[in-house]
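The basis for the numbers below is simple: all heavy atoms, side chains too, and nothing from hydrogens, waters or symmetry mates.
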Amino acid sequence: MDQYKQAGCGPSRIARLLNVTGSGTSNITPQQCQQHLRKKRESNIGRECMMVMQQFLFMTALDENFYHAIEIDENGVCRSLFWADGRAREMYQNLGDVVVFDVTYRTNTFLLPFAPFTGVNHHGQSTLFGCALLSDEQEDSFVWLFEQWLQCMGGKAPGAIITDQDPAITNAIKRVFPNTRHRFCSWHISLHEDEHLRALRSSYNPGFDEQYYKWVRKSKTIEEAESAWKKLKEKYKQEFMEPLTEKQRNEKKSWKWLESMYEQRYSWIDVYLRDTFFAGMRSSQ
């Protein structure tokens, strides 16, 4: 298992490889692999944390404006890390109107989500503002990180932030950055559309997509968008009698997702976001 991890395999792939090769005594789940790898990390955390501290001290000696923070749990185990060098902090003061925050990177020896804060400069080039390794993706972990961010950046919250559509991140932003405009990553939204709209597209396309995109992409005013949403529901939302067929159940699930997205429309549909500067960015990818 450890050799597969060193080769860059994640828990799911490690479990498949062990089960196919018969290396395990019984059927191994990805959760068991994750638990084993985390226990191994915890057994080495003291040495790893000391190495990180040494690196942070080295960076501080080179850069007096280097900022770092380490979250320690009740057992003295390192949970999360955050750091930003002096140049990144200065860049943020000048270019921090919009921040992209992404936690999809996991290829590191700590087995922790890697979370960079980025933006763009005046030439449209990506700029790194700070980095973090998080113990998990729970709301409290994001709250700790965003509070460290504020402390690092002199209390300056971003004007706008783009993230994945994650409830834990959303709640943490509301708690720590209450005046920051939050936008969901368009790339992740498109993935959710492919997953959740499949049943409706199968039943009603091409008409469904045409009306859906009138609401999501083609509306030029909020009034037009609201009208397009109303027509979408009137034309394609069906009321089914019990017992439901599988096809009807799938359509009902699709509408449950769609209506939840309507409630969050001010966080992802362009026409509802035009009052906020996003430097041309719509995605965290």
Side-chain angles (χ1 to χ4, degrees), residues 8 41 44-73 76-137 140-164 166 169 172-173 175-177 179-183 185 277-281 283-285:
R41 183 185 72 84
N44 294 328
I45 196 67
R47 178 175 58 83
E48 292 175 344
C49 195
M50 183 60 68
M51 292 173 61
V52 170
M53 281 299 300
Q54 290 175 345
Q55 182 63 25
F56 282 169
L57 290 173
F58 175 72
M59 293 299 298
T60 302
L62 296 178
D63 177 1
E64 63 179 10
N65 292 317
F66 181 83
Y67 181 96
H68 66 274
I70 301 178
E71 183 187 23
I72 305 295
D73 68 13
V77 175
C78 177
R79 281 177 47 82
S80 302
L81 309 167
F82 169 70
W83 67 97
D85 63 23
R87 181 176 179 276
R89 298 173 73 186
E90 182 180 359
M91 292 286 284
Y92 174 74
Q93 296 303 319
N94 298 321
L95 303 170
D97 293 325
V98 187
V99 168
V100 176
F101 177 68
D102 191 7
V103 292
T104 59
Y105 304 99
R106 292 179 179 273
T107 54
N108 58 82
T109 58
F110 290 92
L111 304 178
L112 302 176
F114 175 64
F117 293 84
T118 60
V120 293
N121 62 22
H122 298 304
H123 304 287
Q125 299 168 326
S126 293
T127 301
L128 183 64
F129 295 139
C131 302
L133 289 170
L134 297 173
S135 59
D136 53 46
E137 296 179 47
D140 286 346
S141 295
F142 292 122
V143 168
W144 175 86
L145 176 59
F146 294 157
E147 287 175 345
Q148 293 302 320
W149 175 265
L150 281 180
Q151 187 170 334
C152 172
M153 300 303 180
K156 180 182 177 181
I161 189 168
I162 301 173
T163 77
D164 186 11
D166 182 282
I169 297 177
I173 289 171
R175 289 170 61 181
V176 185
F177 305 143
N179 298 317
T180 296
R181 191 65 183 275
H182 183 198
R183 179 175 194 151
C185 166
F277 175 70
F278 286 98
M281 294 187 291
S283 172
S284 61
Q285 298 300 304

Look only at the side chain of [X] and the backbone of [Y], and say whether a donor-acceptor pair between them is shorter than 3.5 Å.
X: Ser141; Y: Glu137; answer: no
X: Arg89; Y: Cys152; answer: yes
X: Asp164; Y: Asp166; answer: no
X: Ser135; Y: Ser80; answer: no

Looking at every non-hydrogen atom in both residues, tell me the closest pair between [X] and [Y] and how far apart they are.
X: Ala157; Y: Thr180; result: CB-OG1, 3.9 Å
X: Gly86; Y: Asp63; result: N-OD2, 2.7 Å
X: Ile173; Y: Thr163; result: CD1-CG2, 4.1 Å
X: Ala279; Y: Val120; result: CB-CG2, 3.8 Å
X: Val98; Y: Met281; result: CG1-CE, 3.4 Å
X: Ala160; Y: Phe277; result: CB-O, 3.9 Å

> Which class fits the ring pair Phe101 and Phe142: parallel under 30°, tilted 30 to 60°, perpendicular over 60°?
Replying inline: perpendicular

Please report the interatomic distance [atom1]([X]) to [atom2]([Y]), rounded to the nearest 0.5 Å.
X: Gln148; Y: Leu81; atom1: CD; atom2: CG; result: 11.0 Å
X: Tyr67; Y: Trp149; atom1: OH; atom2: CH2; result: 11.5 Å
X: Asp85; Y: Leu62; atom1: CG; atom2: CG; result: 11.0 Å
X: Glu147; Y: Glu71; atom1: CD; atom2: CD; result: 10.0 Å
X: Phe58; Y: Met53; atom1: CZ; atom2: CE; result: 15.0 Å
X: Asp140; Y: Leu145; atom1: CG; atom2: CG; result: 12.5 Å

When you compare the side chain of [Y] with that of [X], does any pair of heavy atoms fall below 4.5 Å?
X: Leu95; Y: His122; answer: yes
X: Arg79; Y: Asp136; answer: yes
X: Phe177; Y: His182; answer: no
X: Trp83; Y: Thr60; answer: no
X: Val103; Y: Ile169; answer: yes

> Does a sphere of radius 6.0 Å around CD in Gln93 hold more than 12 heavy atoms from other residues, nucleotides or ligands, not counting ones at 6.0 Å or beyond?
Replying inline: yes

> With the threshold set at 4.0 Å, does a side-chain nitrogen-carboxylate oxygen contact exist between Asp97 and Arg181?
Replying inline: no

> Quick one: are the ring centres of Tyr92 and Phe117 less than 6.0 Å apart?
Replying inline: no

